[in-house]
There are 2 protein chains.
Amino acid sequence: MRAAAKAPTKTSSASSSGEFGRVETLPVTGGQAARPRRTTLRDVADAANVDPSAVSRVVNNDPRASVSEATRKRILEAAARLGYRANVGARGLVTSRTWTIGFVLPSLSNPMYEPIVRGVEMEADERGYGIVVGSQIEGKSPRVFANLLQEGRVDGLLVASGTLHDDFIREIVEHGPGPVVMVNRRVEGVKSSVVVDDEGASRTAVDYLECLGHRVVGGIFGPSKIDTAVRRKAGFAKAVAAHGLQSVEVDRPGWRPEDGFTGARRILKEAPEVTAIYASTLLMGIGALRAAAENRRPVPSSLSVVCLHDSPIAEYLVPPLTTVRLPTEQLGRKAVQLLIERLEGGRERAIMIDGDGEIVERASSGPASAWD
Amino acid sequence: MRAAAKAPTKTSSASSSGEFGRVETLPVTGGQAARPRRTTLRDVADAANVDPSAVSRVVNNDPRASVSEATRKRILEAAARLGYRANVGARGLVTSRTWTIGFVLPSLSNPMYEPIVRGVEMEADERGYGIVVGSQIEGKSPRVFANLLQEGRVDGLLVASGTLHDDFIREIVEHGPGPVVMVNRRVEGVKSSVVVDDEGASRTAVDYLECLGHRVVGGIFGPSKIDTAVRRKAGFAKAVAAHGLQSVEVDRPGWRPEDGFTGARRILKEAPEVTAIYASTLLMGIGALRAAAENRRPVPSSLSVVCLHDSPIAEYLVPPLTTVRLPTEQLGRKAVQLLIERLEGGRERAIMIDGDGEIVERASSGPASAWD
DNA sequence: ATCCATATGTCAAACCTTTGACTTAAACCC
DNA sequence: GGGTTTAAGTCAAAGGTTTGACATATGGAT
């Protein structure tokens with residue numbers, strides 16, 4: 001039951017620690033050279049010759065502060081000169097707010113997360129919050145993220161991970177000490193979420209292909225256990241039906257180039273009559289391009305390829321890849337807004353960002369060629 | 001009863017607040033539904049019928065704990081049952097350690113950072129540390145990272161950002177209240193750093209090209225203000241000279257596909273006799289591949305392309321890209337180790353991870369063709 | 001019986017900040 | 001000029017944890 005620290009620690013005597021927050025007992029005082037001590041409220045108060053409480057009220061712009069204009073100046077000046085910044089731990093202790101948000105995402109390798117993270121960081125920053133990013137790497141149990149909440153490291157959690165029926169996430173949502181907002185995917189039973197219109201985006205892609213005259217199209221989707229994949233696939237299927245097209249769809253266990261490659265390969269083998277393939281991520285699109293090359297299907301003359309989510313990389317692939325751009329930065333921003341709203345007592349709600357995406361047309365797509 | 005008449009005034013907060021840590025005064029009590037309170041030390045103590053200090057000593061495995069085996073069992077059991085985790089803020093207050101590390105990186109879009117981040121996260125996790133990732137997005141001043149330290153959010157900083165002569169970073173290193181370790185690049189005057197052997201990696205690439213019979217090679221490098229770019233270029237130049245090859249080198253203002261594209265285009269225009277191009281990042285390699293296609297230089301028959309840093313994406317490009325793999329995950333791990341070492345009083349030092357990289361040969365490189 | 005170790009815990013201060021309540025002195029009102 | 005209001009601050013408690021210094025009871029030796 002007690003998980004010993006696996007590292008070759010010197011003080012391996014400490015076997016059962018770590019379970020409650022600390023891993024090993026370290027020598028607390030190092031031989032550190034005199035390092036400038038952190039400036040505290042008291043330092044500023046002394047410098048300005050006032051009580052710490054006055055300083056606190058002034059720097060926090062508390063309306064209950066009653067100080068003369070002169071004193072206020074003096075305090076602000078001292079704070080600036082000493083580079084004072086409130087210690088978030090101490091503040092959190094009294095306000096029960098750490099002003100920090102945790103952001104859990106499945107991996108950093110998917111370029112789609114870049115704008116989401118940017119949106120999250122910017123919005124959080126503007127609202128005075130810091131963020132802790134945790135990518136859910138293997139060997140790191142999901143417990144780690146519940147711990148963020150339980151250790152009081154963060155006030156709430158943004159989760160871009162998890163499957164449709166994810167008991168663990170539901171457990172955190174129900175019994176964890178802070179609000180959780182799902183971003184980009186939903187989990188059954190979790191009411192707070194913000195997503196983009198993946199279904200609409202798929203429709204946009206199919207509409208576009210239909211316009212170009214494609215009548216038989218392939219679609220590559222992610223794991224059917226994941227909400228996002230389901231919605232993308234549903235949008236694809238509906239659009240295909242609406243236009244009376246023929247289609248072949250494959251599900252893959254991931255969203256990586258590898259999955260796009262094997263997915264496209266299967267489509268091209270089983271239904272060589274397709275003239276276009278829709279990949280549900282950029283990474284998959286890259287894999288699909290490679291499968292096309294390997295199957296001697298020149299792009300776009302013999303096969304068009306389009307994918308979801310634009311990225312600077314798309315522009316420089318061979319050939320450049322046509323994508324559907326979605327407001328992912330906005331997704332990140334909105335997620336932070338909803339989480340803060342919940343922290344302030346707002347109720348749970350599911351948000352879908354408006355917009356079904358816009359085609360960024362590049363050389364990987366073109367008119368359907370006659371096939372027979 | 002308290003009227004809780006917290007000023008609902010939106011207060012023209014924007015002006016002078018926020019500078020010392022908080023952005024606006026928010027209503028503290030929301031209409032939040034009864035949320036399970038965080039379990040505290042006192043809760044556990046009450047449940048186990050002992051003093052909080054006993055609990056603290058037991059869960060932290062403090063050798064000064066003097067409790068009977070029975071009591072220890074009781075405490076551990078209660079702690080587990082209640083899901084106790086020490087509040088890091090309160091702990092940090094007394095120990096002056098937050099058990100959190102800040103990691104500042106220039107962007108998340110470069111796939112090279114993925115393994116570094118993974119290494120950092122894993123090592124930190126194993127050592128009982130959490131990490132705060134901050135990508136240095138535009139509009140977010142570098143001050144933000146100094147603040148991490150000054151607000152007591154983190155114990156130390158890992159910095160993968162910054163130019164060779166970076167006054168701001170030097171300033172943090174000298175006057176900030178915690179240690180800073182540079183990762184993957186160095187900054188003049190900052191003694192703690194860990195890097196890979198970029199010079200050796202460039203040499204490995206050139207050696208490989210020379211083996212294939214290439215006599216005229218191009219090299220694309222990053223901004224000459226950045227240490228990493230300088231070392232890569234130096235390694236390239238030395239290897240070229242050692243083999244008596246001819247070369248043409250270009251510097252670019254970034255490491256993106258765009259930079260690789262424009263760089264390669266220029267090389268192919270000014271020195272069409274090159275038979276191979278070395279790009280100093282994967283993203284640049286992607287751009288170079290595109291430039292080759294646009295200049296009707298089939299890869300690899302007319303032009304070989306190789307780049308630094310392997311990634312799963314490389315395998316699926318058209319054609320698959322030959323890379324030099326470097327121990328980047330190890331880089332991340334080592335950086336954390338050094339930072340913790342410094343936190344414990346160790347002295348500053350510069351580390352270079354062993355290994356000059358290994359060629360991952362793919363279809364983008366081949367024997368030099370006879371030219372003209 | 002008395003005294004000393006030992007085992008087993010408990011006490012209380014400190015860390016830094018926020019915040020409701022309280023104080024002091026001057027200004028104001030009639 | 002006595003009483004009241006206001007301006008300008010100060011006081012002290014609280015929040016969760018760690019940690020050096022005490023306290024109490026038990027058992028053993030003398």
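It should be emphasised that the depicted structure is a prediction, and the values quoted were computed from it without experimental measurement. Side chains included, hydrogens not; waters and symmetry mates left out as well; all remaining heavy atoms used.
Using a 4.0 Å cut-off, some side-chain N or O of B:N60 falls inside it from OP1 or OP2 of D:dT18. Contact check, A:Y84 against C:dT17: a side-chain N or O comes under 4.0 Å of OP1 or OP2.
Per the geometry, CG belonging to A:L93 stands 9 Å off C1' belonging to C:dC15, to the nearest Å. One can place CZ of B:R91 at 16 Å from C1' of D:dG15, the figure rounded to the nearest angstrom. Computed from coordinates, the B:I75 CD1 to D:dT17 C1' distance equals 15 Å when rounded to whole Å. Nucleotide D:dG15 holds its C1' atom 18 Å from the CD atom of A:E151, rounded to whole Å. Atom CZ in A:R97 sits about 23 Å away from atom P in D:dA14, given to the nearest Å.
Salt bridge annotation for B:E123-B:R118: absent, with no cationic side-chain nitrogen under 4.0 angstrom from a carboxylate oxygen. A salt bridge links B:D43 to B:R37: at least one charged side-chain nitrogen sits closer than 4.0 Å to a carboxylate oxygen. We find that B:R349 and B:E341 are joined by a salt bridge, their nearest charged nitrogen and carboxylate oxygen being less than 4.0 Å apart.
Under the 4.5 Å side-chain criterion, counting only non-hydrogen atoms from C-beta, A:V190 is in contact with A:R170.
Of all non-hydrogen atoms in A:T98 and A:D155, the two that sit nearest each other are N-OD1, 2.6 Å.
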Short heteroatom pairs, N/O only, protein and nucleotides 9-12 of chain C, under 3.5 Å:
| unit_1 | atom_1 | unit_2 | atom_2 | d |
| --- | --- | --- | --- | --- |
| C:dG9 | OP1 | B:T71 | OG1 | 3.0 |
| C:dG9 | OP2 | B:S68 | N | 2.6 |
| C:dG9 | OP2 | B:S68 | OG | 2.9 |
| C:dG9 | OP2 | B:T71 | OG1 | 2.7 |
| C:dG9 | N7 | B:S66 | OG | 2.6 |
| C:dT10 | OP2 | B:D51 | N | 2.6 |
| C:dT10 | O4 | B:R57 | NH1 | 3.2 |
| C:dC11 | N4 | B:S53 | OG | 3.1 |

Within the sub-3.5 Å range, which N or O atoms of nucleotides 4-6 of chain C have a protein N or O partner, and how far apart are they?
none

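Separating the OG atom in A:S56 from the CD1 atom in A:I75 is a distance of 10.0 Å, to the nearest 0.5 Å.
Checking C:dT17, D:dT17, C:dT18 against the side-chain heavy atoms of A:T40 singles out C:dT17 as nearest. In the set D:dT18, C:dT18, D:dG15, the nucleotide with an atom closest to the side chain of B:L41 is D:dT18.
A donor atom on one side chain and an acceptor atom on the other are found under 3.5 Å apart for B:T100 and A:R153. For the 3.5 Å distance criterion, the side chains of A:S192 and A:R342 qualify, holding a donor opposite an acceptor. Side-chain contact check for A:R38 and A:Y84: no donor-acceptor pair (N or O, by modelled atom type) lies under 3.5 Å.
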